[in-house]
Asker: 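Take a look at this one; I'll ask things after.
Sequence lines set the chain letters: A, B, ... in the order given, protein chains first and strands last, and positions in each chain run from 1.
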Amino acid sequence: MVEAKTLQARNTVALARWLLGKHLVRRFPDGRIEARRIVETEAYDGERDLACHARVGRTARTDVMYAAGGVWYVYLCYGVHEMLNLVVGPRDWPAAVLIRGIEGAGGPGRVTRALAITRALNRAPACDDSAGLWLEDRGGTLPRSAVVASPRVGVDYAGPVWAAKRWRFTLRPGADRAAPGGRRRERSTRVAGRAG
DNA sequence: TACTCGATCGGA
DNA sequence: CCGATCGAGTAA
């Protein structure tokens with residue numbers, strides 16, 4: 001399980017990167033449990049971020065983003081796909097991390113379809129199993145080289161400055177396992193530090 | 001109340 | 001490239 005406190009740091013971009021390799025665990029209505037590693041994320045950080053839903057301030061829809069980190073934000077996109085986000089940051093700082101990919105399902109719409117995630121999970125807790133969808137840190141530190149940063153997808157409406165931010169993080173396939181002969185000492189991702 | 005436009009995907 | 005499909009946000 002992941003500590004809610006960890007998700008309440010005001011460092012959205014670092015958290016998006018940190019979430020790579022963590023496990024998204026789903027308990028389906030029939031009781032079956034499935035865990036999948038997160039392989040792609042995107043950071044959305046505050047009202048200033050013109051790509052973030054909270055750019056319009058606090059509304060019925062964005063209210064959940066102002067909660068303290070550790071709950072889910074699920075919304076319907078294009079009237080077709082449910083999008084799964086993890087709310088992060090301290091209370092009143094509207095930020096979230098979009099779960100764009102898990103092992104075996106790339107693309108945010110496919111993530112939710114694969115795990116039967118709907119808006120019924122909006123505002124549900126992500127750090128305990130009470131809602132049937134939670135995060136687990138099963139260990140295994142990623143070398144920094146396993147992570148690729150790139151611009152966020154589909155946010156041209158945010159204007160050139162915000163659309164260009166490399167706040168999308170992808171886990172390079174295969175690059176997360178320990179190097180053979182294992183003497184390579186690489187800096188691992190850190191949650192603390194400067195974002196932007 | 002009318003209109004516009006999506007943090008996408010699958011099929012021409 | 002295009003259509004699906006619907007709710008949030010905005011203007012009126």
Asker: Let me know the distance between CG of A:Asp156 and C1' of B:dC5, rounded to the nearest Å.
Answerer: 14 Å

Asker: I want to check one thing: is the phosphate of B:dA7, taken as OP1 and OP2, less than 4.0 Å away from some side-chain N or O of A:Arg168?
Answerer: no

Asker: Do the side chain of A:Arg36 and the main chain of A:Glu103 share a donor and acceptor less than 3.5 angstrom apart?
Answerer: yes

Asker: In whole angstroms, how far is the C1' atom of B:dG6 from the CG atom of A:Leu50?
Answerer: 15 Å

Asker: What string of B, S and - do you get for nucleotides 2-12 of chain C, 5' to 3', if B is base contact, S is sugar-phosphate-only contact and - is no contact with any protein heavy atom under 4.0 Å?
Answerer: --BBBSSSS--

Asker: Is A:Asp92 salt-bridged to A:Arg10, cutoff N-O under 4.0 Å?
Answerer: no

Asker: Can you tell me how far OG1 of A:Thr6 sits from CG of A:Leu19, rounded to the nearest 0.5 angstrom?
Answerer: 10.0 Å

Asker: Hey, where does DNA chain B pair up into stems, meaning at least three consecutive Watson-Crick or G-U pairs with distances under 3.5 Å?
Answerer: B:1-6 with C:6-11, B:8-11 with C:1-4

Asker: Considering only NZ, NE, NH1 and NH2 on the basic side and carboxylate oxygens on the acidic side, decide whether A:Arg138 and A:Glu136 come within less than 4.0 Å.
Answerer: yes

Asker: Is the backbone N or O of A:Ala149 less than 3.5 Å from a side-chain atom of A:Arg166, with the two atoms forming a donor-acceptor pair by type?
Answerer: yes

Asker: Take a 6.0 Å sphere around CZ of A:Arg91 and say whether it holds more than 12 heavy atoms from other residues, nucleotides or ligands.
Answerer: no

Asker: Rounded to whole Å, how long is the line connecting atom CG of A:Leu98 with atom P of B:dA7?
Answerer: 10 Å

Asker: State the CZ-CD1 distance between A:Phe169 and A:Ile38, to the nearest 0.5 angstrom.
Answerer: 14.0 Å

Asker: Under 4.0 Å between a side-chain nitrogen and a carboxylate oxygen: does that hold for A:Glu42 and A:Arg100?
Answerer: yes

Asker: With a cut-off of 6.0 Å (strictly less than), are more than 12 heavy atoms of other residues, nucleotides or ligands near CG of A:Asp63?
Answerer: yes

Asker: Between residues 107-117 of chain A and DNA chain B, which residues have a heavy-atom gap below 4.0 Å?
Answerer: A:Gly107, A:Pro108, A:Gly109, A:Arg110, A:Arg113

Asker: Would you kindly give the CD-to-P distance between A:Glu40 and B:dT8, to the nearest whole Å?
Answerer: 10 Å

Asker: Under 4.5 Å between side-chain heavy atoms, hopping through other hydrophobics if needed: is there a path connecting A:Ile102 to A:Val25?
Answerer: no

Asker: Over how many whole Å does the gap from A:Met65 atom CE to B:dA7 atom P extend?
Answerer: 11 Å

Asker: Between B:dC5 atom C1' and A:Tyr157 atom OH, what is the distance in whole Å?
Answerer: 11 Å

Asker: If you round to the nearest 0.5 Å, how far is NE2 of A:His53 from CZ of A:Arg61?
Answerer: 4.0 Å

